[in-house]
Amino acid sequence: MRRELARLGKPVERDQFASSEATLPIIINAAYDPSWNGIEIPAAFLQPPFFDAKADPAVNYCTMGAVIGHELTHGFESSGRLYDAVGNQRDWWTQADAQRFVAETAKLAKQADAFEILPGLRLNGALEVTENLADVGGVALGYAALQQHLREQPAANRTIDGFTPPQRCFLAWGPLWAAKMNEGAMRQTLPTDGHPAGLYRMAAPSQHEQGYYEAFGIRAGDRMWLDPSDRVTIW
Ligand SMILES: [Zn+2]
């Protein structure tokens, strides 16, 4: 507290971690801060399952790559978009773009609202929309980065254990959200936490990415199929 108080009236320190609870080098987490339009990836986050320097690049693009994409997207989701390039709160979007954005985010809220996490208990799409937008953007950016990598290094486009690079990418995203929580904790966090349950994050963001359908040959009627009119296309 003394350290925090001593910062008052002094110049802003931009190389300091924003929060001693959420991001320190020893904490496995990442964050976006709209006030300086920057992201924080603490050193502790750079270990499996989130990142492995020795892992297949297709895996790293949809794990740490998608996490970085997630944090970047926070600058362009429902609340982040209300801050400008220098971190001041200012609505810099045209009215037409803002209207289209809101219509797209409504699809994402609808998708989460329909997800039953426990019998009779559904997710809260409106509460979680910023995190779900960041996940959609994160998977899209991670997958786009993989596509660029494969264009630059065609030899990397090979099958490992029977899976293509796009398949390995989408599969690698899933285990990031493995978690253990009892029913009481789930019922308590659902109405208050802006982060959706891992069970949902594991699968839902990829359903907005066209490459996901191509990678696994998913067709209308399949369990993971999301109608194109329900998919979010924003950035
Ligand atoms: Zn987030």
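Computed from a predicted structure; not experimentally measured. Counting begins at 1 with the first residue of the sequence. Read the numbers this way: they start at 1 and go in the same order the structure lists the ligands and their atoms.
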Examine Arg168 relative to Tyr61 and say whether NZ or CZ is less than 6.0 Å from the centre of the six-membered ring and inside a 45° cone about the ring axis.
no

Restricting to under 2.8 Å, identify the protein N, O or S atoms around the Zn ion (ligand 1) as residue plus atom.
His70 NE2, His74 NE2, Glu131 OE1, Glu131 OE2

Should the pair Lys110-Asp113 be classified as a salt bridge under the 4.0 Å nitrogen-to-oxygen rule?
no

So, Glu183 and Arg187, do they make that salt bridge, N to O below 4.0 Å?
yes

Qualifying salt bridge (Lys or Arg N to Asp or Glu O under 4.0 Å) pairs, either residue in residues 134-153, two or more places apart:
Asp135-Arg201

Taken in chain and number order and not counting sequence neighbours, the residues that satisfy side-chain hydrogen bond (donor to acceptor under 3.5 Å, both in side chains) with Thr192 are none

Residues that Phe101 engages under ring-ring contact (aromatic ring centres under 6.0 Å, His included), provided they are two or more places apart
Trp93

